[in-house]
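What follows is a short report on a single structure.
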Amino acid sequence: YNPELIRNISIIAHIDHGKTTLVDRILEITKSIDNRKMHDQYLDMMDIEQERGITIKAQPVKIMYPAKDGNTYEINIIDTPGHVDFTYEVSRSLAACEGAVLLVDASQGVEAQTVANTYLAIENDLEIIPAVNKIDLPNANVEETLAEIEDLIGISADDALKVSGKTGEGVEELLEEIIKRIPAPTSKGTSEDKLKALIFDAKYDKYRGVIIYTRIYGGTVKTGDKIMTMSNKETYEVVEVGIFHPEMQKTDSLSAGEVGYIIAGIKEVELARVGDTITSATDPIDEPLPGYKEVKPMVYAGIYPGVPDYYEELRKALDKLKLNDAALTFNPEHSPALGFGFRCGFLGLLHMDVVRERIEREFELAIILTAPNVVYKAKLKNGEEIEIHDPTQFPDQDLLEEVYEPYVKLDIITPTEYMGGLMGVVQNEKRGEFVSVSNAGKDRVVMHFEVPLGEIIFDFFDRMKAISRGYASMDYELIGFRKSDLLKVTILVNREPVEALSFIAHRSKLYEMSKKMVEKLKDLIPKHQFEIPIQAKADGRIIARSTIKAYRKDVLAKCYGGDITRKMKLLEKQKEGKKRMRQIGRVTIPQNAFLAILKIN
Ligand code: GTP
């Protein structure tokens, strides 16, 4: 153990800019994993991550690099999650490092999320090494990429490196620069100090309990030690410590500056929160590391079993997922339309999608996911403040004082020619406020807006890509809740309110959304023997209406089918459940009508 020879780094890169390929090359050059085990893309280990090419868990890797100066250095590369839903996790992974490689694809240029993550690194006082990747590509544009790095991030690109993760060109030079430019962890604490360790990720293992991914700031931790998580003062006895080589490898101890894992019989990841500080239970430090916060779900949706018999199975699945996913929340709820299910909270839509996919794949359960909504806050006339996770919780107008919705700071980097189009959508359709624009290299700009989260979370990414032919990129960050003129729209089918169809709309979009909704429902609800009015009510008035005419011949067959969840090759019995209809008063409503709100945007 010689902390002078340790370097802890992260690689900041946009999706597909070649981070995994570069790390694979580094592993190969330093012979860190034998060829038998070497498979492409070592870092992205979870199935879904691999398929989607995104990282969710911050998988670290330790390599030993024999440098030109004759010393062998330990380099810990901490992978960071690659999606805006996980910004907090990214910031904690960066907090575990002294430096970062800013990797930019020379054929693509700097993307918005890269800029945001680089700022996070700068906030965490990291030394940044810019590196232009994929220089082997014929359309690599190294000079322009360097200019963008200077413009957008404001760091000099003079000492930027030029590499190709694919051919290996420049990779050794990069390793040498990491050794030279990134400081050893020694200035942040020594092994003589009291134990102070950052939890930058945690994973649940069904045999060993929670595996904490940690960076030690001060002191030493070893088997048998009594440790304490500072946010909740829970104490544990350490069962094992070790490093990532890249598989977990048991060691005698972990000391200041090192990155590794701790196993201490912790039962669920909720008790070992990302960003929390571990210290000694017998000789604790006074102050935890800065930056800890409890992440809160920003998006809620209902999850229901395809058939009611599977409710318990679904609960078990969610319980299991929760063991490994502290950010997921769920509470039982009942809907007259869908029966018993759960209201689940997610960090964002990607997080929601991953949960859905894991339930279907790992637990083989067909589920119905209701339309997601962001979280709102409300102040009632009696002074009470509430959070709204579901349109049905929206208070009656006469009880309501004020409603608030979450706002984000939205940054879009785009070629200049698409600026007008994007500006139009954000301002006219998404209730966004333009803040400023600045240059981002040649023929590109970065635009800043403030926009309600609820407006960009659902389809904005696709709109942006369509308008810019795929060239624009975006990033957003929550800036808080703002007062907003929001209303609940109640849908009446055959004059009976159907709570499960209600939704929340901004006043400026009230008529448009209500109109679309009643029209959509007209298509989705089959004809009956009598005429069925469908009405949208808000502010105490009916504001939109459509009518389903009485039927003459049997057209029921037509409205069946049309799977509402994707890629389902699951149990036939469960599938059958999805086709069932719900009786609301005298009207039979197919389940997919309850997802109509998803289809009107
Ligand atoms: P995420 O895990 O999604 O963040 O992607 P990543 O940044 O890890 O990118 P990955 O390494 O998967 O590379 C993306 C694509 O670029 C793959 O098709 C690679 O083969 C290719 N690629 C990566 N590095 C290079 C390079 O240096 N040159 C060329 N020509 N292609 C590269």
Side-chain angles (χ1 to χ4, degrees), residues 9-30 32-33 38-61 63 77-87 89-91 93-94 97 100-118 120-121 128-142 144-146 149 160-175 177 201 246 348-351 353-354 357 413 461 465 470-471 473-475:
I9 66 157
S10 234
I11 300 174
I12 297 173
H14 193 74
I15 293 166
D16 281 346
H17 281 205
K19 180 167 66 179
T20 312
T21 307
L22 175 67
V23 174
D24 283 347
R25 199 61 56 238
I26 293 175
L27 290 172
E28 196 182 78
I29 289 173
T30 57
S32 295
I33 34 178
M38 175 87 191
H39 69 107
D40 275 350
Q41 315 218 323
Y42 203 92
L43 283 180
D44 298 350
M45 292 213 281
M46 204 160 97
D47 269 3
I48 299 172
E49 295 187 12
Q50 225 162 43
E51 265 169 43
R52 300 189 172 204
I54 44 156
T55 311
I56 296 166
K57 289 279 164 190
Q59 191 66 32
V61 173
I63 58 160
I77 306 174
I78 298 175
D79 202 10
T80 50
H83 192 275
V84 46
D85 283 5
F86 305 101
T87 300
E89 280 77 356
V90 174
S91 86
S93 293
L94 292 172
C97 304
V101 175
L102 166 61
L103 191 71
V104 183
D105 184 333
S107 66
Q108 302 291 323
V110 183
E111 309 281 2
Q113 228 193 316
T114 309
V115 179
N117 286 348
T118 309
L120 283 179
I128 292 166
I129 302 180
V132 178
N133 193 26
K134 306 198 188 177
I135 53 168
D136 60 294
L137 284 176
N139 62 336
N141 200 334
V142 177
E144 221 167 88
T145 307
L146 291 174
I149 291 175
L161 290 148
K162 301 177 182 84
V163 300
S164 165
K166 190 167 183 181
T167 65
E169 191 181 343
V171 177
E172 286 223 56
E173 288 84 337
L174 176 63
L175 288 167
E177 289 304 306
D201 208 348
L349 285 203
L350 177 85
H351 185 210
D353 232 28
V354 168
E357 211 160 306
I413 298 181
F461 184 78
K465 286 288 176 194
Y471 283 112
S473 66
M474 65 182 264
D475 188 74

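Remember, it's 1-based here, ligands and their atoms both numbered in the order they're listed. Below, each value reflects all heavy atoms present in this structure, side chains not excepted, and no hydrogens, waters or symmetry copies. Just so it is clear, the model here is predicted, and its values are computed rather than measured.
Each of the following atoms of ligand 1 lies closer than 4.0 Å to a heavy atom of K19: 6 (P), 7 (O), 8 (O), 9 (O), 11 (O). Numbered from 1 in the order shown, with element, the atoms of ligand 1 that lie under 4.0 Å from a heavy atom of H17 read 7 (O). Within ligand 1, counting atoms from 1 as listed, the ones closer than 4.0 Å to a heavy atom of T20 are 2 (O), 6 (P), 8 (O), 11 (O). With ligand atoms numbered from 1 in the order given, ligand 1 contributes 7 (O) to contacts under 4.0 Å with heavy atoms of H14. Atoms of ligand 1 found under 4.0 Å from any heavy atom of N133 (numbered from 1 in listed order, with element): 24 (N), 27 (O).
The side-chain heavy atoms of L161 and I129, taken from C-beta on, include a pair separated by under 4.5 Å. With contacts defined as side-chain heavy-atom distances shorter than 4.5 Å, the pair I12/L102 qualifies. The shortest side-chain heavy-atom distance between K162 and V142 falls under the 4.5 Å cut-off.
The closest donor-acceptor contact from the side chain of T30 to the backbone of I26 lies under 3.5 Å. Counting only distance, with no hydrogens or angles, the side chain of S10 and the backbone of I78 share a donor-acceptor pair below 3.5 Å.
Here K134 pairs with D105 in a salt bridge; the nearest charged N to carboxylate O distance falls below 4.0 Å.
Residue contacts with ligand 1 for K134 involve both N, CA, C or O and side-chain atoms from C-beta outward (heavy atoms, distance under 4.0 Å). Residue contacts with ligand 1, taken as heavy atom pairs separated by less than 4.0 Å, involve D136 solely via side-chain atoms from C-beta onward. When heavy-atom distances to ligand 1 are checked against a 4.0 Å cut-off, L137 comes that close only through its side chain, counted from C-beta outward. Looking at A13 against ligand 1, nothing comes within 4.0 Å, counting heavy atoms.
No hydrogens or angles considered: a donor-acceptor pair under 3.5 Å links the side chains of E111 and S473.
Here's the thing with G165: one of its N/O atoms is less than 3.5 angstrom from an N/O atom of ligand 1.
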